[in-house]
Amino acid sequence: MPDKEKIIRMKTVLTRTGLSRSTLYRKIAEGSFPKQVAISVHGTGWHESAVDRWIANPAAFREDRAE
């Protein structure tokens with residue numbers, strides 16, 4: 001069975017990245033931070049691996065617009 005991608009929520013993303021909520025949303029709009037994924041009707045989260053890639057090299061991260 002393949003490993004399932006872990007989804008992390010806003011509080012965890014903010015803690016791990018050190019970003020404020022407004023900066024996080026600005027970076028998402030610019031394409032310089034991973035986009036959220038829907039996990040319920042009103043809930044979103046982020047793929048942990050995408051956040052890890054951003055943490056490893058935030059200056060070089062660019063969201064793939066083809067998704």
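Heavy-atom basis, side chains included; hydrogens, waters and symmetry copies ignored.
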### Neighbour count >12 (heavy atoms, 6.0 Å) for atom CZ, Arg26
yes
### Task
Would you check if Tyr25 and Gln36 make a side-chain contact, meaning some heavy-atom pair closer than 4.5 Å?
yes
### Message
Count I, L, V, M, F, W, Y as connected when their side-chain heavy atoms are under 4.5 Å apart, and connections chain through other members. Are Ile28 and Val13 then in the same cluster?
### Response
yes
### Query
How about Pro58 and Phe33: do any of their side-chain heavy atoms sit closer than 4.5 Å?
no
### Task
Determine, using the 4.5 Å side-chain heavy-atom cutoff (strictly less than), whether Ile39 and Leu24 are members of one ILVMFWY cluster.
no
### Message
Test salt bridge (Lys or Arg N to Asp or Glu O under 4.0 Å) on Arg16 and Glu48; report intermediate values, then the result.
### Response
CA-CA 10 Å; Arg16 290 185 60 193; Glu48 186 175 35; 3.1 Å; yes
### Query
Just by modelled atom types, is the Arg9 backbone N or O under 3.5 Å from a matching donor or acceptor in the Trp46 side chain?
no
### Task
Measure from the side-chain N and O atoms of Trp54 to the backbone N and O of Thr17, and report whether any donor-acceptor pair falls under 3.5 Å.
no
### Task
Measure from the side-chain N and O atoms of Thr23 to the backbone N and O of Leu19, and report whether any donor-acceptor pair falls under 3.5 Å.
no
### Message
Nearest 0.5 Å, please: how far is NE2 in His47 from NZ in Lys6?
### Response
14.0 Å
### Query
Given the rule that I, L, V, M, F, W and Y join up when any side-chain heavy atoms are under 4.5 Å apart, are Ile55 and Ile7 in one cluster?
no
### Task
Identify the two heavy atoms, one from Val51 and one from Pro34, that lie closest to each other, and give their separation to 0.1 Å.
N-CG, 4.1 Å
